[in-house]
Protein chains: 2
Amino acid sequence: MSNRRDAVHAVLRQSEGFRSAQDVYAEMRAEGAKIGLTTVYRALQALADTGHVDVLRTDDGESVYRACASGDHHHHLVCRTCGRTVEVAGPAVERWAEAIGSEHGFTEITHTLEIFGTCAACSTAAKPARTPSRA
Amino acid sequence: MSNRRDAVHAVLRQSEGFRSAQDVYAEMRAEGAKIGLTTVYRALQALADTGHVDVLRTDDGESVYRACASGDHHHHLVCRTCGRTVEVAGPAVERWAEAIGSEHGFTEITHTLEIFGTCAACSTAAKPARTPSRA
DNA sequence: GGTGACTTTGACAACCATTTTCATTTGCGC
DNA sequence: GCGCAAATGAAAATGGTTGTCAAAGTCACC
């Protein structure tokens with residue numbers, strides 16, 4: 001029955017970068033899957049709770065999910081143009097955060113860290129001419 | 001005329017931690033200020049654009065604002081219980097992010113980093129008994 | 001002092017992702 | 001086959017944020 005959950009997970013596994021709930025839903029419907037938006041949200045949350053996928057918020061407040069290779073704590077280097085994502089680990093940062101926290105008397109330190117940039121491919125593609133589509 | 005904007009800014013200055021737009025609006029109304037929600041949002045955005053206040057998204061997608069001491073790039077150590085905020089600088093992290101980015105061929109690196117924890121006062125107040133409210 | 005152009009304001013409606021509700025369906029044990 | 005409990009999904013509710021638009025305020029200029 002939690003077949004739906006697996007289906008949702010599968011969609012994420014097939015994706016390169018982060019996908020929004022609406023996005024996943026749309027794709028599944030497009031593929032002919034009979035599933036409700038509600039279920040997608042529930043599946044995504046369940047997956048996130050069990051640590052099977054990573055969640056993060058986009059700048060416009062949308063939640064995006066991604067099936068990550070490792071279940072360990074890690075961060076993401078995301079291309080702001082194509083969405084390609086690289087998982088990175090930063091032991092030094094973890095320690096730094098801990099240290100900063102303790103230094104100020106804080107306990108149970110957690111942190112959120114995401115790195116954004118333009119990947120090689122996109123930065124090449126973006127400035128061939130000298131009309132950088134300046135918005 | 002941009003008196004409203006100053007008023008909004010003032011509210012933030014009087015606050016210790018991050019405040020949501022709705023929150024600021026409610027407080028201003030409570031103080032008797034005649035201001036509309038729309039205006040509060042606009043003021044907040046304007047302030048954020050000009051770098052007078054820092055913005056970040058809470059886990060539930062709400063935008064929260066804070067008038068920060070320095071206009072420089074810095075991060076926040078936020079108490080998840082009382083909201084008290086400490087501004088921290090982490091040159092090492094900035095460099096690390098840059099390095100990781102270049103290493104993967106990314107350019108125009110930016111990053112978001114927030115540290116959450118329980119401050120000394122709150123952690124003391126929270127565990128008087130031995131019922132750690134383990135969710 | 002008056003007038004008109006332009007900007008700011010704010011009430012209200014529109015948006016939209018997410019959540020809740022609730023009736024129906026499905027799986028499973030008995 | 002029956003009934004219960006969990007899962008599902010359609011639709012409505014929620015709630016923060018943004019857009020619309022007319023009214024009010026400012027200011028320059030006559």
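Numbered from 1 within each chain, the chains take letters A, B, ... in sequence-line order. Values below: all heavy atoms of this structure, side chains included; hydrogens, waters and symmetry mates excluded.
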Not counting sequence neighbours, list each pair that qualifies as a salt bridge (Lys or Arg N to Asp or Glu O under 4.0 Å) and has a residue in residues 13-34 of chain B. B/Arg19-B/Asp23, B/Arg19-B/Glu27
Give me the atom names and distance for the closest heavy-atom approach of B/Tyr25 to B/Gly36. CE1-C, 3.6 Å
Between C1' of C/dT9 and CZ of B/Arg29, the distance in whole Å: 12 Å
Filter on salt bridge (Lys or Arg N to Asp or Glu O under 4.0 Å), then keep only pairs touching residues 81-92 of chain A, sequence neighbours left out; what's left? A/Arg66-A/Glu87
Just the rounded figure in Å: distance from P of D/dG16 to CG of B/Asp23. 11 Å
Not counting sequence neighbours, which residues clear salt bridge (Lys or Arg N to Asp or Glu O under 4.0 Å) with B/Glu94? List them please. none
Between D/dT17 atom P and B/Arg19 atom CZ, what is the distance in whole Å? 14 Å
Which whole-number value in Å describes the distance from A/Asp60 CG to C/dC15 P? 17 Å
How would you summarise protein contacts on nucleotides 16-23 of chain C per nucleotide, using B for base, S for sugar-phosphate only and - for none, with heavy-atom distances below 4.0 Å? -SBBB---
Quick one: side-chain hydrogen bond (donor to acceptor under 3.5 Å, both in side chains) pairs with a partner in residues 36-45 of chain A, sequence neighbours left out? A/Gln22-A/Tyr41
Please give, in whole Å, the distance from C/dT26 C1' to A/Arg4 CZ? 10 Å
C/dA11 C1' sits how many Å from B/Ile35 CD1, rounded? 13 Å
Residues forming a side chain to side chain contact (heavy atoms under 4.5 Å, CB included) with A/Asp49, sequence neighbours excluded: none
